[in-house]
2 protein chains.
Amino acid sequence: MAGTEDNTRERLLDQAERLFSEKGFAAVSVREITNASQCNLAAVNYHFGGKQKLYLAVFKERWAKRAQKLQKSFIQALAGKQQPDLEEVISAMARAFLEGPLTDSERRNHIQLMQRELSNPGQAMGMIVQQVMRPFIQNLVSMIRPCLSREVEDERLRIYVLSMLGVVLYFFLARPAVSGILNQEYDQRFKSELVSHITAFCLNGMQALNQER
Amino acid sequence: MAGTEDNTRERLLDQAERLFSEKGFAAVSVREITNASQCNLAAVNYHFGGKQKLYLAVFKERWAKRAQKLQKSFIQALAGKQQPDLEEVISAMARAFLEGPLTDSERRNHIQLMQRELSNPGQAMGMIVQQVMRPFIQNLVSMIRPCLSREVEDERLRIYVLSMLGVVLYFFLARPAVSGILNQEYDQRFKSELVSHITAFCLNGMQALNQER
DNA sequence: TTGACATTCAAACGTTTGTTTAATACATAT
DNA sequence: ATATGTATTAAACAAACGTTTGAATGTCAA
């Protein structure tokens, strides 16, 4: 070999990510993946050692990097501002998930894959929580704390951050249902409308932290 | 026959609901269901006509009734009050989902089953949206509208209601992840803490509707 | 050219899948 | 008792599943 780009392996990861995110692990067959990747059936076992290990490889080699990219774009959006206010933080978070650095299909794959693993914990869940979600939430917590007018315990603040993430992710997750209920397509116009709605809703929601308990 | 209670059919629906909600449609085999139901393999085809039709029967004969029960308990909680204020409406909604009339396992099955269908639309999705979600959301909209200090278009109000539902459902959905991140068990104490948090967060969030655009 | 290595391929492996079949058991009505 | 319709059973079905195999490629160094 030499500078072999191992194209088959990459194609397998591409299609596996897409299909697993669309249908879930059990509903996708190895033959479906290899057909979509235009390679031989045995390629999955040759390159990854089995279907289950391919699923894990998708998370380790694709999902984790997307998550980093997403968080980088969030941090980037707030760079330069010494002390971003609450609205800027929330808007940057919503934007990272809804309009961030990923393409539309990348975004859909990414979030649906995460959701499947979070609500149906498999072998990748530990990695997601510890290496991605925990740091990201702690990051948000430390950016939000200076914006508040009173002291708040870490745990209470984390629940509020989770609530905001819940709003953002749910609009994504239940996308087909949301479209059906609102009679709205998920086009660019609707997405930026969503960002400003979410920002307003969460910005006000966080004000509960500034009130007496 | 006569007053045959058709016990096998009921057991099949019970176990199918549990297993489908825990693992998803594709990951559950007919043999797994019939073993858990302590009946013969052919019973699924005899009573329902196939695995797919059993899945639909779970939604029609079990899920839909649970959803009605849930909405009834929400309406009941607000009965008597001629003009419930916003906090009462929101708190009743959160309580209906988190502490409502269902047992813990019923609740988990119910919400996870809905979520699977909403993010992975199958044949039951249309029924869920049109017969359950749309009416429930419209119900919430008409209860919330009188609480606002300014006129708001229907569509804008619906987005806000969806946001509140998002918060509630996400805390349920990502339950394993939430527990992992907060180091909290989902016991009774934490649930009622969640209800008051969600109420506070959403109550403030809805205030955005009372502000200038 | 030869040898060694990495990759692809068609074919087959043994299981498990959803579904069907035909026989049996059981209750009720005639 | 006999007939009738419902429910359950063990056994078998073809199809699809994940995985393995061994031969056929292609590639680069010696």
Side-chain angles (χ1 to χ4, degrees), chain A residues 1-62 113 116-117 120-124, chain B residues 1-62 113 116-117 120-124:
Chain A
M1 38 182 233
T4 326
E5 60 250 46
D6 211 345
N7 204 261
T8 304
R9 222 184 103 101
E10 299 303 309
R11 269 180 294 136
L12 279 171
L13 284 170
D14 283 342
Q15 299 302 320
E17 181 176 24
R18 182 179 62 84
L19 289 166
F20 284 145
S21 85
E22 284 173 2
K23 309 186 176 189
F25 179 78
V28 179
S29 72
V30 174
R31 280 168 178 83
E32 197 176 355
I33 297 171
T34 53
N35 283 342
S37 305
Q38 303 199 66
C39 67
N40 189 267
L41 168 63
V44 164
N45 286 279
Y46 176 76
H47 284 287
F48 300 95
K51 185 189 178 187
Q52 182 70 47
K53 288 179 184 168
L54 168 58
Y55 180 75
L56 248 89
V58 166
F59 274 93
K60 287 185 182 162
E61 300 182 31
R62 290 290 162 94
L113 219 44
R116 286 192 192 282
E117 194 62 20
N120 214 25
Q123 295 166 283
Chain B
M1 36 184 240
T4 327
E5 61 247 46
D6 211 345
N7 203 260
T8 303
R9 220 186 106 100
E10 298 304 309
R11 269 180 294 136
L12 279 172
L13 283 169
D14 283 342
Q15 299 302 320
E17 181 176 23
R18 182 179 63 84
L19 289 166
F20 284 146
S21 86
E22 284 173 2
K23 309 185 175 190
F25 179 80
V28 179
S29 72
V30 174
R31 281 167 179 83
E32 197 175 355
I33 297 172
T34 53
N35 284 342
S37 305
Q38 302 200 64
C39 67
N40 188 269
L41 168 64
V44 163
N45 286 279
Y46 177 76
H47 285 286
F48 299 95
K51 184 189 178 186
Q52 182 70 47
K53 288 178 183 168
L54 168 58
Y55 180 75
L56 248 90
V58 166
F59 274 93
K60 287 184 181 161
E61 300 183 31
R62 291 289 161 94
L113 218 45
R116 286 192 192 282
E117 194 61 21
N120 214 25
Q123 294 167 285

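To find a chain, count down the sequence lines: A is the first, B the second, and so on, and within it residues start at 1. Note that this is a predicted model, so its numbers are computed, not measured.
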Rounded distance in Å - [atom1] ([X]) to [atom2] ([N]):
X       : N      : atom1 : atom2 : result
A:Leu12 : C:dT7  : CG    : C1'   : 12 Å
B:Phe48 : C:dT20 : CZ    : P     : 16 Å
B:Tyr46 : D:dT6  : OH    : P     : 7 Å
A:Asn7  : D:dG26 : CG    : P     : 17 Å
B:Leu54 : C:dG18 : CG    : P     : 11 Å
A:Lys23 : D:dA16 : NZ    : P     : 14 Å

Could you check which of C:dT8, D:dA10, D:dT20 has an atom nearest any side-chain atom of A:Ala42?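 It is D:dT20.
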
- Begin with the C-alpha distance, continue with both residues' side-chain angles, and end with the deciding distance and a verdict on side-chain contact (heavy atoms from CB on, under 4.5 Å) for A:Val28 and A:Glu22. CA-CA 9 Å; A:Val28 179; A:Glu22 284 173 2; over 6 Å; no

Phosphate-side-chain proximity, A:His47 and C:dA6, N/O vs OP1/OP2 below 4.0 Å:
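False: A:His47 side-chain N/O out of range (4.0 Å or more) of C:dA6 OP1/OP2.
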
| request: Give a yes/no on whether any side-chain N or O of A:Thr8 is located under 4.0 angstrom from OP1 or OP2 of C:dT8. | output: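 For C:dT8, OP1/OP2 do have a side-chain N/O of A:Thr8 under 4.0 Å.
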
Could you give all pairs that pass the salt bridge (Lys or Arg N to Asp or Glu O under 4.0 Å) test and reach residues 42-62 of chain B, with sequence neighbours left out?
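Sorted result for residues 42-62 of chain B: B:Arg9-B:Glu61, B:Glu10-B:Arg62, B:Asp14-B:Arg62.
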
ask   = Ignoring hydrogens and angles, does a donor from either the side chain of B:Asn40 or the base of D:dA7 sit under 3.5 Å from an acceptor on the other?
value =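 Result: no qualifying N/O pair found.
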
- Query: Which residues satisfy the salt bridge (Lys or Arg N to Asp or Glu O under 4.0 Å) test with A:Glu17, sequence neighbours excluded?
  - Reply: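 Here the qualifying residues are A:Arg66.
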
Pick the closest DNA chain C nucleotide for A:Cys39 and for B:Leu41 by heavy atoms, then say which residue is nearer the 5' end.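 The residue mapped nearer the 5' terminus is A:Cys39.
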
Notebook entry, point to check: Yes or no on side-chain contact (heavy atoms from CB on, under 4.5 Å) for A:Tyr55 and A:Gln123, after CA distance, side-chain angles and deciding distance?
Noted result: CA-CA 9 Å; A:Tyr55 180 75; A:Gln123 295 166 283; 6.0 Å; no

Query raised in the report: Hey, which of these two, A:Glu32 or A:Asn45, hits DNA chain D nearer its 5' end, going by closest nucleotide?
Result: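 Checking each residue's closest nucleotide, the 5'-ward one belongs to A:Glu32.
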
request  = Please list, chain by chain and in numerical order, all residues satisfying side chain to side chain donor-acceptor pair (under 3.5 Å) with B:Ser21, sequence neighbours excluded.
outcome  =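 B:Ser21: side chain to side chain donor-acceptor pair (under 3.5 Å) contacts with B:Asn109.
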
A:Lys23: side chain to side chain donor-acceptor pair (under 3.5 Å) partners, not counting sequence neighbours:
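Scan of A:Lys23 (side chain to side chain donor-acceptor pair (under 3.5 Å), adjacent residues dropped) gives A:Glu32.
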
Between side-chain atoms of residues 37-48 of chain A and protein atoms elsewhere (two or more places apart, or another chain), which donor-acceptor pairs fall under 3.5 Å?
residue, atom, partner, partner atom, Å
A:Ser37, OG, A:Arg11, O, 3.4
A:Ser37, OG, A:Ile33, O, 2.8
A:Asn40, OD1, A:Ala42, N, 2.9

Hey, what are the protein-to-nucleotides 15-17 of chain C N/O distances that come in under 3.5 Å?
none

